Q: 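Got a structure here, written out as structure tokens. Questions coming.
Predicted, not measured: the structure shown is a model, and the values here were computed from it.
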Amino acid sequence: MTGPRTLVVRLDSAGDVLLAGPALRAVAAGSSYTALLCGPQGAPAARLLPGVDEVLVFEAPWVGLRPVPVSREETDTLLRTVADGRFDRALILVSYHQSPLPVALLLKLAGVGWIAADSEDYPGALLDLRHHRDPHGHEARAALDLARDAGFRLPPGDDGALRVLAPPDVGQLTGPGPYVVFHPGAAVPARAWSAARAARVAAALSAAGHRVVVTGAAAEKELTAVVAGDHALDLGGATDLAQLAGVLAGARVAVVGNTGPAHLAAAVGTPVVCPFAPVVPAERWRPYQVPHVLLGDQNAPCAGSRARDCPVPGHPCLDGVSDEKVVRAVAACDGRGTSVSPGPSGPEVTSVAPDTAVGHGTSGLHGPSRPGDASGTERGATV
């Protein structure tokens, strides 16, 4: 295949990498070789994405909750790796609150000749295409908009949804019969129910007639044991990310907060009931292009605070959601491909149908394909 050798950068967590999937497929459709540079937390997700020829890993000292110290040795290794890759172009994907410029500087030093990124900071000579994202756009759409303005389009028939490689058969883990997945944990405590509240949710789902499968990372085994109790199957620590994709793919519905497994559920086409703490905006991070219901007061006092621990006593935005509303939301989502209508909704329940594939950024999915043509882009160091 002819085309540039392209490097895509997404240095955050597994969920962020999954949201980059549609943009990566667009890049792969127009490139002879596509590599993804990610952090160690995102690497397992990167290896599940279609269109990625190579995964490069770099733990950046400006990313993460507990960033590593700056290391000349690690930086030199990255520069050599990127230089050896002989990349013609690079796309740097960042969230709305992040700057692409630290990694852009390193890529320039490594010899990448053309770099595009969303940036509100003046880039000087570090970016060849400075893109301004829609301030209200979803993270997955923002990445697709940038790819489109960099000259990369989704191939015909690709709807732009999240997607992963076919997951393994996990019937030996889940057992026979329909089930609902409940993933109670999150890396950020403010985005999850408390353990006691999550245990009551699992019990309520079981009492409503659902076979409940509780999932979690190895570090969350204590939590999943409490939540599963004697009324749910506990798979805490029993799956890697690919196996978790298989468990989610077999579920009728996934109940999971704003964390990576919510995006993994979307990537395998499973409807999501999402207890969503508004510490970050749902418009950017809600489950993408699958039927889903958001639970929680999106106008709570913590809205937009990006707090890691709930700043309001009692965690009312999530722990205040009733069992009845959780059960009703699961019933509304049960049945793939249907629209979601959970009944009367108050501030704790938001009804959402699948997103469409129409572009929603500064420049949508169907605009000009030449770099820099859209009104939201600037060539070089112009401002």
Q: Does anything in residues 225-249 form a side chain to side chain donor-acceptor pair (under 3.5 Å)? List the pairs, not counting sequence neighbours.
A: Thr224-Asp234
Q: Considering only distance and modelled atom types, tabulate donor-acceptor pairs under 3.5 Å from the side chains of residues 38-51, sequence neighbours left out.
A:
none

Q: Quick test of your reading: applying ring-ring contact (aromatic ring centres under 6.0 Å, His included), list the pairs with at least one residue in residues 39-96, sequence neighbours left out, ordered by first then second residue.
A: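 For residues 39-96: none.
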Q: Does Lys108 have any salt bridge (charged side-chain N to carboxylate O under 4.0 Å, His left out) partners at least two apart in sequence or in another chain, and if so, which?
A: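 Lys108 satisfies salt bridge (charged side-chain N to carboxylate O under 4.0 Å, His left out) with Asp128 once adjacent residues are dropped.
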Q: Which residues pass the side chain to side chain contact (heavy atoms under 4.5 Å, CB included) test with Ala266, not counting sequence neighbours?
A: Leu162, Val290
Q: What donor-acceptor contacts under 3.5 angstrom involve side-chain atoms of residues 8-18, with partners at least two apart or in another chain?
A:
from  : atom 1 : to    : atom 2 : distance (Å)
Arg10 : NE     : Asp12 : OD2    : 3.0
Arg10 : NH2    : Asp12 : OD2    : 3.0
Arg10 : NH2    : Ser95 : OG     : 2.7
Asp12 : OD1    : Gln98 : NE2    : 2.7
Ser13 : OG     : Asp16 : OD2    : 2.8
Asp16 : OD2    : Ser13 : N      : 3.1

Q: Would Asp334 and Arg252 pass as an ion pair if we require N to O under 4.0 Å?
A: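 Here Asp334 pairs with Arg252 in a salt bridge, since their nearest N and O are under 4.0 Å apart.
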Q: Looking at Thr6 and Thr34, would you say the former's side chain and the latter's main chain have a donor-acceptor pair under 3.5 Å?
A: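 It does not hold such a pair.
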Q: Report yes if some heavy atom in the side chain of His136 is under 4.5 Å from a heavy atom in the side chain of Glu283; otherwise report no.
A: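 Yes - at least one pair of side-chain heavy atoms lies under 4.5 Å apart.
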Q: Could you list the residues that satisfy side chain to side chain donor-acceptor pair (under 3.5 Å) with Thr77, not counting sequence neighbours?
A: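 Partners of Thr77 under the side chain to side chain donor-acceptor pair (under 3.5 Å) test: Arg80.
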Q: Which is it for Tyr288 and His263 under the side-chain contact (heavy atoms from CB on, under 4.5 Å) test, yes or no, and what are the steps along the way?
A: CA-CA 7 Å; Tyr288 188 67; His263 304 306; 5.7 Å; no
Q: Are side-chain N/O atoms of His292 and Arg286 paired as donor and acceptor at under 3.5 Å?
A: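 Yes, Arg286 and His292 have a side-chain donor paired with an acceptor closer than 3.5 Å.
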Q: According to the ring-ring contact (aromatic ring centres under 6.0 Å, His included) rule, which pairs have a member within residues 173-210, sequence neighbours left out?
A: Phe182-Trp193
Q: Taking side chain to side chain donor-acceptor pair (under 3.5 Å) as the definition, give me every residue that meets it alongside Asp121, ordered by chain and number, with sequence neighbours left out.
A: Ser99
Q: Output all residues satisfying side chain to side chain donor-acceptor pair (under 3.5 Å) with Ser194, sequence neighbours left out; order by chain, then residue number.
A: Asp319
Q: Listing request: all salt bridge (charged side-chain N to carboxylate O under 4.0 Å, His left out) pairs with a residue in residues 193-202, at least two apart in sequence or in separate chains.
A: Arg197-Asp323
Q: So does Glu54 have more than 12 non-hydrogen atoms from other groups sitting under 6.0 Å from CD?
A: yes
Q: Looking only at atom types and distance, does a side-chain atom of Ser206 sit under 3.5 Å from a main-chain N or O of Ala202, one as donor and one as acceptor?
A: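 Between the backbone of Ala202 and the side chain of Ser206 there is no qualifying donor-acceptor contact (under 3.5 Å).
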Q: Can you list the residues that meet the salt bridge (charged side-chain N to carboxylate O under 4.0 Å, His left out) rule with Arg86, with sequence neighbours excluded?
A: none
